[in-house]
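Both ligands and their constituent atoms are indexed starting at 1 by order of listing. Positions are given from 1 along the sequence. Computed from a predicted model, the values in this text were never measured in an experiment.
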Amino acid sequence: MPPHSEEPLPPYPNRVHHPEHFDFATAREVPDSHTWADLHDYPTAAPSGSPSAPNVIDLTHPDAVNLIARACEEWGAFQLTGHGVPTGLLDHLEAQTRRLFQLSVEVKLKAARMADAVSGYGLARVNSFFAKFMWSEGFTISGSPADNARKLWPHDYRQFCDVVEEYTRVMKELAGRLLHAMLLSLGLKEEDIDWAGPIRDLRDLSTVLHLNSYPPCPEPDRAIGLAAHTDSSFFTILYQGGVNGLQVLGRASDDPSGPAQWVTVPPVPGAFVVNVGDLMHILSNGRFRSVRHRAVVNRTHHRVSAAFFCGPPAHVKVSPVTKLAGNGVGRGLYRAVTWAEYLSLKGKLFNRALESIKVSEEDGNNTSVVCKVV
Ligand SMILES: C=C1C[C@]23C[C@@]1(O)CC[C@H]2[C@@]12CCC[C@@](C)(C(=O)O1)[C@H]2[C@@H]3C(=O)O
Ligand SMILES: O=C(O)CCC(=O)C(=O)O
Ligand SMILES: [Fe+2]
């Protein structure tokens, strides 16, 4: 199946929207339906305190490959500059994202994500695993944005589509470069990278764009924008605009066996945050960690973000790279999966999905050069 066709990936179970009567704009307090009791599972590091946040890495830096390796091992995340994506395009995407979420709920629900679909408006899929609602809304775009955009703006959907299409084109290019850099940073050589053909096929990554909206919240300590999770992708390239909210679970660099803490990733103008996802965790045999992260809300600012999920082409199975399995661990720790298979598991098991594909020592050789075509 071509990587860009509509809905190549399976959906999670869907809870499409908040209770009918709930309206973020008029809420003066956080209702019980949105109150989270367990937000302090780990301490939250003071923004200026230890541990410091994931590094900012310039992709054009001569040592970028090594810097990426260290960041993916230590944090499973880094901030990226020198990526070449024009600031104007980021501004346009942010403006279109705000325009979308400012529509009334009635209009947005015209493009509601259907139970069997990936694309459309609704709650973050992870919501189906929790009893409480998150303080956010989302809009997912897999393939062409036109059908859903037409439902939102019947006479003026082109401006949204033009921006999203240009953003997707530019980000796919960047995703290919990033994947190449990550494979090199894992110590693989060009000739090890047998990616269903020559390395230029890396541009065929499957991608999904997911827009998040976190309205201002009257009691930010009682609500969560997006609950703690790891992404399923190889990696996610997140644009978080200028408003604080993203936190990653990390440990101080000078005390790697110390306690885990929620660490704020402060917005850096023009930078992306790159999060290692579960499929890269599998590919690297656990050397690059898929990072647990969450989004918190604030009292005054409407925060939006755009997460660009990058995974393998639909027909490719990801398994630990032989060369890396031999290195330290001694064997491949995970069985091979396609992105679609993995998303189905995540939709059933959520945070236990990665654990569920762990193989025991007796299970034999489950490694491949990089990825297998099935
Ligand atoms: C490709 C995808 C990754 C994602 C599920 C999805 O089909 C589209 C939305 C993605 C997202 C965004 C918010 C967090 C997340 C866990 C979720 O609930 O929906 C991720 C999913 C993921 O990475 O598994
Ligand atoms: O908005 C954010 O900072 C995080 C978004 C995110 O984690 C996601 O969309 O998967
Ligand atoms: Fe995420």
Quick test: of every protein heavy atom, which one is nearest to [atom], and how far off is it to 0.1 Å?
| atom | answer |
| --- | --- |
| atom 3 (O) of ligand 2 | R303 NH2, 2.8 Å |
| atom 4 (C) of ligand 2 | Y214 OH, 3.8 Å |
| atom 6 (C) of ligand 2 | L226 CD2, 3.4 Å |
| atom 5 (C) of ligand 2 | N212 ND2, 3.5 Å |

Worksheet item: Are R70 and E73 ion-paired here, with the side-chain N under 4.0 Å from a carboxylate O?
Response: no

Fill in: Residues K346, E341: salt bridge by 4.0 Å N-O rule
no

Worksheet item: Is the closest N or O pair between H210 and ligand 2 shorter than 3.5 Å?
Response: no

Worksheet item: Purely on distance, is any nitrogen or oxygen of N275 under 3.5 Å from one on ligand 2?
Response: no

Item to complete: Please confirm whether Q240 comes under 4.0 Å of ligand 2, counting heavy atoms of the residue only.
Response: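 No.
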
Worksheet item: If you measure from each heavy atom of R294 to ligand 2, is any distance below 4.0 Å?
Response: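 R294: no contact with ligand 2 (<4.0 Å).
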
Discussion item. Taking the cut-offs as 6.0 angstrom to the six-membered ring centre and 45 degrees off its axis, would you call R294 and W262 a cation-pi pair?
Written reply: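 Yes, a cation-pi geometry.
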
Worksheet item: Counting only protein atoms, how many N/O/S atoms are less than 2.8 Å away from the Fe ion (ligand 3)?
Response: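 Protein heteroatoms (N, O, S) closer than 2.8 Å to the Fe ion (ligand 3) number 3.
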
Discussion item. Within the 3.5 Å criterion, strictly below it, is a donor on T236 or N275 matched to an acceptor on the partner's side chain?
Written reply: no

Discussion item. Could you work out, for atom 11 (C) of ligand 1, the closest of Y342, F129, F309 by heavy-atom distance?
Written reply: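 Of the listed residues, F309 has the closest heavy atom.
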
Fill in: Mutual orientation of the aromatic rings belonging to Y239 and F272 [parallel < 30°, tilted 30-60°, perpendicular > 60°]
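Correct class here is perpendicular.
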
Discussion item. In terms of relative ring orientation, are F160 and W153 parallel, tilted or perpendicular, with 30° and 60° separating the classes?
Written reply: tilted

Worksheet item: Can you tell which part of F308 has a heavy atom less than 4.0 Å from ligand 2: side chain, backbone, both or neither?
Response: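 None of F308 does.
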
Worksheet item: For ligand 2, is any non-hydrogen atom under 4.0 Å from D231's backbone (N, CA, C, O), its side chain (CB onward), both, or neither?
Response: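 Answer for D231: side chain.
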
Fill in: N or O pair under 3.5 Å between H229 and ligand 1
no

Practice prompt. Please test H281 against Y334 for side-chain hydrogen bond (donor to acceptor under 3.5 Å, both in side chains), starting from the C-alpha separation and ending with a verdict.
Written response: CA-CA 9 Å; H281 190 114; Y334 303 96; 3.2 Å; yes

